[in-house]
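The next block holds one structure in the form of structure tokens; read it before the comments.
So that the names make sense, note that chain A is the first sequence line, chain B the second, and so on, each numbered from 1.
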Number of protein chains: 4
Amino acid sequence: MLAHKQFIVNNMLPDTQNKADSRNISINKVGIKDIKHPLIFVDRNGGEQLSVGTWQMTVGLSADVKGTHMSRFIEILNQTTPKFSTENFHTITQTVLEKLEATSAQIEVRFPIFVKKIAPASKVESLLDYDAILISTIESGVITTTLKVVVAVTSLCPCSKSISEYGAHNQRSHITIQAVAGDTLYFEDLIDLTEKSASCQLYAILKREDEKFVTEYAYDNPAFVEDLVRDIAIELKNHTAIRSYILESENFESIHNHSAYALIEG
Amino acid sequence: MLAHKQFIVNNMLPDTQNKADSRNISINKVGIKDIKHPLIFVDRNGGEQLSVGTWQMTVGLSADVKGTHMSRFIEILNQTTPKFSTENFHTITQTVLEKLEATSAQIEVRFPIFVKKIAPASKVESLLDYDAILISTIESGVITTTLKVVVAVTSLCPCSKSISEYGAHNQRSHITIQAVAGDTLYFEDLIDLTEKSASCQLYAILKREDEKFVTEYAYDNPAFVEDLVRDIAIELKNHTAIRSYILESENFESIHNHSAYALIEG
Amino acid sequence: MLAHKQFIVNNMLPDTQNKADSRNISINKVGIKDIKHPLIFVDRNGGEQLSVGTWQMTVGLSADVKGTHMSRFIEILNQTTPKFSTENFHTITQTVLEKLEATSAQIEVRFPIFVKKIAPASKVESLLDYDAILISTIESGVITTTLKVVVAVTSLCPCSKSISEYGAHNQRSHITIQAVAGDTLYFEDLIDLTEKSASCQLYAILKREDEKFVTEYAYDNPAFVEDLVRDIAIELKNHTAIRSYILESENFESIHNHSAYALIEG
Amino acid sequence: MLAHKQFIVNNMLPDTQNKADSRNISINKVGIKDIKHPLIFVDRNGGEQLSVGTWQMTVGLSADVKGTHMSRFIEILNQTTPKFSTENFHTITQTVLEKLEATSAQIEVRFPIFVKKIAPASKVESLLDYDAILISTIESGVITTTLKVVVAVTSLCPCSKSISEYGAHNQRSHITIQAVAGDTLYFEDLIDLTEKSASCQLYAILKREDEKFVTEYAYDNPAFVEDLVRDIAIELKNHTAIRSYILESENFESIHNHSAYALIEG
């Protein structure tokens with residue numbers, strides 16, 4: 001092994017990552033992925049939701065630098081529990097940019113958020129969960145914040161309703177919206193406009209009178225996967241804080257073992 | 001490094017696994033997991049389904065043996081493409097037992113199987129997929145074959161139907177049956193008895209007249225998660241080739257973001 | 001539709017689940033699955049970890065009762081944020097038993113827990129995450145608490161070390177322990193005894209002097225998958241608060257695209 | 001129900017999807033997702049690999065058309081087992097375009113492929129699996145074929161090697177390449193150029209002399225995540241059949257519970 005490396009004293013460990021690189025290839029993103037860390041999310045109402053996020057933190061690396069400093073990303077997470085809203089999340093990205101001495105930085109964090117729902121008839125309250133992803137990038141000094149959320153809803157098939165003497169197949173659908181914010185934008189904004197366009201919204205607790213309500217409501221509001229994405233696209237277009245979006249609906253068809261799917265980019 | 005190990009010549013590599021072990025602890029299962037390998041599955045009709053399986057192959061290890069020989073498991077897979085029915089799958093386990101010089105052996109392989117379904121009104125044919133797991137163990141000379149299959153079906157809620165003026169919430173449900181075979185047992189047996197107990201079975205292709213049929217059929221056959229497992233449990237009890245079973249139903253409720261769930265062991 | 005059901009007034013909705021059942025089949029578990037809800041976990045040090053759990057809540061159903069009351073499970077979660085340690089988690093199961101008027105009840109909740117780790121050389125602090133599952137059952141009046149935890153560690157192959165002139169393949173391994181508690185048992189107990197048996201434990205932050213430490217430590221402590229489960233099994237046997245256990249190690253081999261795997265039940 | 005819809009005769013079922021739509025919003029993609037169906041893949045050597053794919057099949061929908069015909073996609077799969085190479089896969093997309101009377105169409109299919117590997121010292125043969133995704137789009141008459149493949153390899157950390165007296169942490173890494181083909185391009189091309197750039201390639205079967213070889217080979221070829229993506233990017237740039245690419249490396253660090261990650265777009 002003496003042939004393989006020189007003797008090393010503990011305080012003189014070579015810093016391999018700081019060496020120059022001769023391949024002349026810049027790297028768009030380099031850093032850490034799939035690290036779990038607690039967080040405090042400040043929602044639209046100012047409420048603090050304590051949750052656990054799965055983080056991806058990266059920086060751009062110019063062609064002449066050999067490597068980045070992986071431990072610094074995690075030091076940022078460990079200094080104090082990250083606390084952020086969709087409005088100020090970019091400050092963590094700015095910290096990454098500075099501590100990593102980079103010219104571009106990207107953070108993505110996925111975590112569950114909860115909204116208090118009130119059952120339509122009984123008025124019983126319960127929490128409903130949504131998968132939220134918050135993405136912040138700084139490239140050439142430009143800060144971009146992107147919100148991605150999966151909203152589970154009921155979809156009821158208009159064709160099945162129209163051709164059947166009674167009943168209509170319905171199922172859980174996942175509406176996924178990825179929206180680039182042009183102004184302050186909340187996950188709850190995306191959730192609200194999605195739930196009002198679906199055949200029916202979901203609730204964790206439904207008493208019998210609520211179950212009657214949602215069953216009939218869905219039957220009165222049938223929607224194809226095409227209708228779902230078109231109706232929600234109109235809402236997204238009209239929302240002044242959304243610069244651009246990718247909108248998907250995946251309906252886990254109750255009569256098939258596959259999904260109906262649609263996507264609109266706008 | 002000279003202090004760490006002696007000089008090794010290539011054809012005298014030490015066989016660390018063959019050494020004795022002094023901890024006096026036997027190991028129930030040791031081997032390989034999550035290896036993908038092609039297979040040929042012979043179904044109930046004698047048809048050959050070419051598929052790819054995810055395999056787990058293990059042996060029991062007595063307290064005095066240090067380790068098993070991992071590469072031998074994979075050599076068995078690579079000698080010739082494994083071809084088996086539920087009836088003769090245990091021959092692969094016997095091969096493992098012999099080649100590994102073990103007294104117990106266990107194989108689990110998960111793969112998709114397909115059944116040709118005929119649409120109820122149009123009679124159009126299409127393939128439907130099912131997740132199948134085949135488990136074979138040899139312990140103290142006793143061969144046991146266990147079949148596990150996930151059957152996706154439609155469930156329609158009797159409560160929703162009974163309390164609503166029109167409509168009824170329905171959804172895709174996963175019925176999972178794990179059955180220890182007492183005699184020749186086919187995945188298709190488990191699929192058949194499950195599909196006739198559900199609110200409706202699924203199809204890949206449904207023309208409009210079929211969609212009318214399945215919508216009305218499901219509405220005419222509502223079933224709680226409790227009904228599903230009870231009705232299927234009766235079928236499983238009456239099947240002469242089933243020695244014991246674990247039966248689960250998970251209904252991906254279309255009105256909630258969680259599942260209704262039930263389990264019966266028999 | 002008048003042919004299908006009688007006229008219903010809103011406060012007289014039929015309670016279908018309360019009807020008698022004539023099939024004479026009891027159900028081992030029925031309830032809800034995969035519901036996400038916030039929780040407060042009190043760890044071994046008395047620290048409160050705010051997290052989000054994925055819950056399964058079920059009761060046993062006797063043969064003569066048609067159905068359970070799904071909404072009551074979720075009402076228990078929504079009354080106040082569930083707060084529990086491994087010691088008092090069973091009180092939630094007791095609440096389920098009472099509110100559901102059942103004779104047996106089972107709760108499983110999966111959530112990430114964090115332990116503060118101190119890097120071996122630099123002494124830098126960082127949080128490491130572990131997947132924890134807490135299971136509580138009450139059957140025939142007997143309360144059983146089971147802890148399940150996945151501990152990620154480094155494993156370094158003794159064979160690779162012994163036959164190679166330099167280096168040794170190593171990888172991340174998942175040690176999964178499911179332990180039935182006979183007395184007060186903490187997740188951190190299971191984590192501690194696992195980490196000391198591995199080739200090396202993991203850390204979120206490692207400075208260069210720490211990376212040197214863990215690299216050499218792992219090289220000095222090689223362990224086959226067989227060694228890992230045997231060494232940990234000895235620790236589990238000697239732990240007075242553990243009544244029985246299932247112990248697995250899955251090594252995501254760095255030289256293969258499959259895992260080495262071992263299991264001991266004790 | 002008579003108030004809800006008119007009487008329907010079976011051969012006069014209304015075709016809801018064929019109606020006009022007044023919302024004036026075109027849909028980028030609409031169709032089916034996550035359907036499993038058998039396939040025959042013709043590899044670079046002309047070998048036929050029988051496998052099972054997970055398919056997504058969609059068309060673009062102009063603003064004035066209400067809906068697409070979901071069952072036609074699946075009819076295409078069920079007419080005859082789809083058989084294709086990367087070179088002629090687009091013919092299926094053309095069939096979709098015609099049968100669905102669409103102006104744009106997209107197909108994605110994910111399936112495992114196998115390559116026969118020869119162990120470096122013993123020359124033992126075994127199959128290694130790779131996740132392959134084949135994407136074909138036709139937009140405005142332009143056919144585009146994109147190959148995506150995940151290649152699992154060994155990465156060995158140069159920093160760990162350089163600062164440690166002995167040993168070096170190494171792990172399994174997933175290199176994911178998504179390449180738009182400018183000419184005939186094979187999955188095996190992408191696999192070859194990736195495996196020669198890694199610290200070492202993987203094999204299903206390694207005898208002891210092979211394990212010695214790969215251990216030492218990896219130790220002699222350390223590579224940071226940055227090195228992996230840069231070295232592979234050079235190969236991708238020089239490959240004449242690749243028009244553009246997205247290249248990712250995720251290293252499942254053996255000393256951490258998170259991944260090192262890098263991405264280059266070119």
How far apart are the C-alpha atoms of D220(C) and Y166(D), what are their side-chain angles, what is the distance that settles it, and do they pass the side-chain hydrogen bond (donor to acceptor under 3.5 Å, both in side chains) test? CA-CA 9 Å; D220(C) 288 334; Y166(D) 40 79; 2.7 Å; yes
Indicate yes or no for a side-chain donor-acceptor contact from N170(C) to the backbone of A168(D) under 3.5 Å, with no hydrogens or angles considered. yes
If we define contacts as heavy-atom pairs under 4.5 Å, which of E253(C), E216(C), H258(C), Q201(C) has the most with chain D? E216(C)
Run the side-chain hydrogen bond (donor to acceptor under 3.5 Å, both in side chains) check on S160(D) and T215(C) step by step: do they pass? CA-CA 7 Å; S160(D) 169; T215(C) 301; 2.7 Å; yes
Hey, what do you get for CZ (R172(C)) to CZ (R172(D)), rounding to the nearest 0.5 Å? 11.0 Å
Would you say CZ of R44(D) has more than 12 non-hydrogen atoms from neighbouring residues, nucleotides or ligands within 6.0 angstrom? yes
Please examine the side chains of V214(C) and H169(D), heavy atoms only from C-beta on, and report whether any two atoms are closer than 4.5 Å. no
Which heavy atom in I255(C) sits nearest to a heavy atom in T154(D), and how many Å separate them? CA-OG1, 4.1 Å
Answer with side chain, backbone, both or neither: which region of L128(C) has an atom nearer than 4.5 Å to a non-hydrogen atom of chain D? side chain
Between E211(D) and S164(C), is any pair of side-chain heavy atoms under 4.5 Å apart? no
Donor-acceptor pair, distance only, cut-off 3.5 Å: does the side chain of H256(C) make one with the backbone of Y203(D)? yes
Would you give the length of the straight line joining atom CG of N251(D) to atom OG of S254(C), rounded to the nearest 0.5 angstrom? 11.5 Å
Interatomic distance, K212(D) atom NZ to C159(C) atom SG [nearest 0.5 angstrom]: 11.5 Å
Looking at every non-hydrogen atom in both residues, tell me the closest pair between N257(C) and D129(D) and how far apart they are. ND2-OD1, 3.2 Å
